[in-house]
Amino acid sequence: MDTTAGPLGLWTLALDKEPAPRVRELAAEIESLGFGALWIGEEFGRNVLTHAGLLLGATDRLVVGTGIANIFFRDPIAMAAAERSLAEAHPGRFVLGLGGHRVDDRPLIYLGHRVPSGGRAVSTMGAYLDAMDAVPLQSPPPSVPNPRVLGALGPKMLDLAAERTDGALPYLVPVAHTEDARTRLGPDALLAVEQAVVLDPDPDRARDLARAHVAKYLALGGAHVKDMLRFGYTVEELSDDPADRVVDALVAGGGPGALDAVADRVRAHLDAGADHVCLQVLTARPGAAPVAEWRELAELTGGLPRRGRAVSRAGSAT
């Protein structure tokens, strides 16, 4: 049976707010809707690796990826041991996405809490990968290798992803970034792209949701602002009140014909070199699982082209 993730998946933090029995039900429904992969983020909800185990145990074919597991939240020994445990228990269905929040050499205040942070991003991630690879794990190895990817935005982190991992999971990026990432990663790496979407039919509400989402990340400064500057956007457009063309580049859908607009954006990422696009639904119900919107998006699962590779049970880009 073909259990590759295919071109379309979901990305969400909403399951962190649901009790475990409901999470199991929703995971099974997401699988039944035809999505090939479910990517879960990490803030202050469930431990993302424990959460991945919960989701994998509730499904049979669904690929589960961390998008991302924060390297500043846990020791490399703990990360390596969890990666092997999940990959061995669920062959070919787990993808470890690594990343981290960092602001130079200063401690980062993230959502009002201090998060440990390291030095320069690329060297810190490289050292973390070295430490993970050096762990003398004693548990049974996976029957097939699992993919490991980086939440990479800038050129140097994309280059590190190409050199040291199976690919990249860029977050909140325009289609131009996908084209650039494919060039940097090479033809055989896995490129999975997060894409924020709004399905609200009211254009004003949709615009407000999209702008608030983009503004939240631009306000952090750093990688997202630098990334957009690379692709021709100006400092003025990347302000606390981002310009319409910035919002449109980063969030798809909204208003009449929202589903068609999302489909067009997914196809644009695939045409630009993505293997897989994971959709994050934005709604006016913060923290609530957008089940109705997931069901609507499921209409797209059968009509998208494959680029030739996907997140695979073989544990690599196939």
Side-chain angles (χ1 to χ4, degrees), residues 11-14 39 41-44 67-68 70 72 97 99-115 117-118 120-122 124-125 150-158 168-181 192-200 203-255 261-262 265 268-269 272 274 277-284 286-287:
W11 190 104
T12 188
L13 279 168
W39 300 82
E42 181 169 46
E43 287 187 340
F44 297 104
I68 47 73
N70 196 321
F72 299 118
H101 300 290
R102 184 197 65 81
V103 180
D104 300 323
D105 293 320
R106 294 167 287 163
L108 173 64
I109 304 302
Y110 183 66
L111 299 181
H113 296 267
R114 184 184 184 280
V115 176
S117 59
R120 299 184 68 83
V122 175
T124 298
M125 180 61 77
L150 299 184
L153 288 179
K156 292 181 180 179
M157 192 65 79
L158 285 165
L169 175 69
Y171 181 95
L172 197 68
V173 294
V175 172
H177 184 282
T178 299
E179 185 174 3
D180 178 70
V193 179
E194 180 273 347
Q195 174 64 59
V197 302
V198 180
L199 296 182
D200 193 314
D204 293 331
R205 286 198 307 261
R207 172 66 61 180
D208 289 344
L209 282 169
R211 176 167 279 112
H213 179 73
V214 171
K216 176 178 69 173
Y217 286 96
L218 294 181
L220 295 173
H224 287 291
V225 172
K226 290 179 182 178
D227 190 60
M228 293 297 284
L229 290 172
R230 287 202 298 134
F231 297 105
Y233 298 90
T234 67
V235 172
E236 291 74 23
E237 290 178 304
L238 301 170
S239 66
D240 294 340
D241 183 23
D244 283 350
R245 82 176 189 118
V246 173
V247 175
D248 291 340
L250 297 176
V251 181
V262 171
R265 181 65 57 84
H269 279 298
V277 180
C278 42
L279 303 177
Q280 177 182 187
V281 177
L282 310 179
T283 73

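Ion pairing between R207 and D248 holds under the 4.0 Å rule for side-chain N and carboxylate O.
Applying the side chain to side chain contact (heavy atoms under 4.5 Å, CB included) rule to E179 yields the partners A272; only residues at least two apart in sequence or on another chain are considered. With sequence neighbours excluded, the residues forming a side-chain hydrogen bond (donor to acceptor under 3.5 Å, both in side chains) with D244 are R211, listed by chain and number. Under the salt bridge (Lys or Arg N to Asp or Glu O under 4.0 Å) criterion, D227 pairs with R230, not counting sequence neighbours. Partners of L172 under the side chain to side chain contact (heavy atoms under 4.5 Å, CB included) rule, at least two apart in sequence or in another chain, are E194, H213, Y217, H224, L250. Residues passing the side chain to side chain contact (heavy atoms under 4.5 Å, CB included) test with A176, sequence neighbours excluded: F231.
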**Request:** Output, in order, the C-alpha distance, side-chain angles, deciding distance and verdict of side-chain contact (heavy atoms from CB on, under 4.5 Å) for L13 and Q280.
**Result:** CA-CA 9 Å; L13 279 168; Q280 177 182 187; 5.5 Å; no

**Asked** Is there a side-chain contact (heavy atoms from CB on, under 4.5 Å) between L229 and V235 once you walk through the steps?
**Response** CA-CA 7 Å; L229 290 172; V235 172; 4.0 Å; yes

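In terms of heavy-atom proximity, A196 sits nearest to L282 at CB-CD1, 4.1 Å. The minimum heavy-atom distance between P242 and A215, with the atom names listed, is CD-CB, 3.8 Å. The minimum heavy-atom distance between L158 and A168, with the atom names listed, is CD2-CB, 4.0 Å. Across every non-hydrogen atom of C278 and L169, the tightest pair is SG-CD1, 3.9 Å. Minimum interatomic distance between Y233 and A249 (heavy atoms only, all atoms of both residues): OH-CB, 3.2 Å. When all heavy atoms are compared, the tightest approach of N70 to G100 is OD1-CA, 3.4 Å.
For the atom pair CG (D180) and CG (L153), the distance works out to 11.0 Å, reported to the nearest 0.5 Å. Atoms CE and CE, on M157 and M125 in that order, are 5.0 Å from each other to the nearest 0.5 Å. Here L209 contributes atom CG and L199 contributes atom CG; the two are 10.5 Å apart, rounded to the nearest 0.5 Å.
Legend: salt bridge (Lys or Arg N to Asp or Glu O under 4.0 Å) pairs involving residues 231-240, not counting sequence neighbours, sorted by first then second residue: E237-R245.
With R205 contributing its side chain and T283 its backbone, the two residues share no donor-acceptor pair below 3.5 Å.
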